[in-house]
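What you see below is based on every heavy atom in this structure, not just the backbone, and it leaves out hydrogens, waters and symmetry mates.
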Amino acid sequence: SLVSLMLRFPAVLRAVEKEGEARQWLSSKWQAVVDLILAEWQERRQVDVFRVAQRVHPDQAPEITALALQGESVLETESDKMAADCLSHLRRKYLRTLERNLRVAIRAAEERKDEQAKRERILEWQDVVQKERQLERQRLEPKTTIR
């Protein structure tokens, strides 16, 4: 969905470009595509879907074209909210994966009786949990507008 929106809306491209960590939230397959789209945007200040499709792996070209067509059905007024939702989802998913991996690393350090590594992983884990909680609070905050 995010790639589809990036192929169609410059505001979404700017949001992804501004969100420096967004690239690491994606799988390697999509990191390369997002890099190509952002490079196209930075070079030409527009995204030519045909050029992007030519530059990706040949197996991905039809998928890129389909995503571009899918983006055509989205209204511009909805694109910002959809992009924010996609980025939020990807961030939470990334943090959950990171948290799980750190718990495994903590257990492994306990089994090796490596207290230094265990302490380091616990501190990293606490940072990740804190970020998750901040995101959850932001998500649950009432959205009020002042008129």
Side-chain angles (χ1 to χ4, degrees), residues 1-109 117-147:
S1 294
L2 184 63
V3 170
S4 179
L5 295 169
M6 288 176 68
L7 290 169
R8 172 98 165 84
F9 300 105
V12 174
L13 283 163
R14 285 189 288 274
V16 172
E17 195 174 38
K18 183 180 147 189
E19 185 63 67
E21 297 178 346
R23 187 181 183 284
Q24 70 184 3
W25 305 336
L26 305 167
S27 67
S28 58
K29 170 186 172 182
W30 293 110
Q31 283 177 353
V33 172
V34 166
D35 288 346
L36 279 172
I37 294 170
L38 288 174
E40 176 82 7
W41 169 251
Q42 291 165 351
E43 179 183 323
R44 309 177 88 222
R45 281 297 175 214
Q46 66 179 12
V47 176
D48 182 351
V49 176
F50 181 71
R51 282 175 49 107
V52 172
Q54 284 182 319
R55 294 170 69 190
V56 297
H57 191 276
D59 294 343
Q60 284 183 296
E63 193 170 9
I64 296 300
T65 306
L67 288 171
L69 291 173
Q70 178 184 343
E72 295 291 325
S73 66
V74 176
L75 299 174
E76 188 166 0
T77 55
E78 297 173 352
S79 67
D80 290 340
K81 170 94 171 84
M82 289 177 69
D85 289 347
C86 286
L87 288 170
S88 178
H89 169 77
L90 290 169
R91 181 184 297 123
R92 282 193 311 273
K93 182 177 173 184
Y94 170 77
L95 288 174
R96 282 192 305 265
T97 301
L98 194 56
E99 180 187 359
R100 185 178 57 243
N101 292 343
L102 285 168
R103 282 194 313 256
V104 168
I106 291 167
R107 282 191 217 111
K118 179 182 171 183
R119 275 192 299 270
E120 289 172 3
R121 297 302 83 76
I122 288 173
L123 290 174
E124 290 175 38
W125 177 82
Q126 288 172 337
D127 287 342
V128 170
V129 169
Q130 182 180 13
K131 287 178 185 178
E132 281 183 300
R133 288 182 180 153
Q134 287 173 343
L135 286 174
E136 191 62 25
R137 277 193 299 274
Q138 289 172 358
R139 190 174 71 86
L140 296 176
E141 284 178 358
K143 306 291 189 242
T144 57
T145 56
I146 299 172
R147 295 180 193 220

Beyond-backbone contact of [X] with [Y], side-chain heavy atoms, under 4.5 angstrom:
X: L38; Y: M6; result: yes
X: V74; Y: F9; result: yes
X: R107; Y: V104; result: yes
X: Q130; Y: Q126; result: no

Drop me the distance from [X]'s [atom1] to [Y]'s [atom2], to the nearest 0.5 angstrom.
X: M82; Y: T77; atom1: CE; atom2: OG1; answer: 10.5 Å
X: L13; Y: L2; atom1: CG; atom2: CG; answer: 9.0 Å
X: L87; Y: S1; atom1: CG; atom2: OG; answer: 11.0 Å
X: Y94; Y: E21; atom1: OH; atom2: CD; answer: 7.5 Å
X: Q60; Y: L67; atom1: CD; atom2: CG; answer: 9.5 Å
X: I37; Y: E40; atom1: CD1; atom2: CD; answer: 9.5 Å

Worksheet item: Would you call R96 and E132 a salt bridge, taking side-chain N to carboxylate O under 4.0 Å as the test?
Response: no

Worksheet item: In terms of side-chain geometry, is the basic nitrogen of D85 or K81 positioned less than 4.0 Å from the acidic oxygen of its partner?
Response: yes

Atom [atom1] of [X]: over 12 foreign heavy atoms under 6.0 Å:
X: W125; atom1: CH2; answer: no
X: K29; atom1: NZ; answer: yes
X: R103; atom1: CZ; answer: yes

Considering all heavy atoms of both residues, which atom of [X] and which atom of [Y] are nearest to each other, and what is their separation?
X: A53; Y: T65; answer: CB-OG1, 4.3 Å
X: A11; Y: D80; answer: CB-OD1, 3.6 Å
X: I64; Y: L7; answer: O-CD1, 3.7 Å
X: E17; Y: W41; answer: OE1-NE1, 3.6 Å
X: S79; Y: L5; answer: O-CD1, 4.1 Å
X: A61; Y: V56; answer: N-CG2, 3.7 Å

Worksheet item: Between the main-chain N or O of L69 and the side-chain N or O of S73, is there a donor-acceptor pair closer than 3.5 Å?
Response: no

Item to complete: Return the set of residues passing side-chain contact (heavy atoms from CB on, under 4.5 Å) with Q31 (not counting sequence neighbours), or none when no residue passes.
Response: R23, L26, S28

Fill in: Verdict with supporting geometry, R92 and S88, side chain to side chain donor-acceptor pair (under 3.5 Å)
CA-CA 6 Å; R92 282 193 311 273; S88 178; 2.5 Å; yes

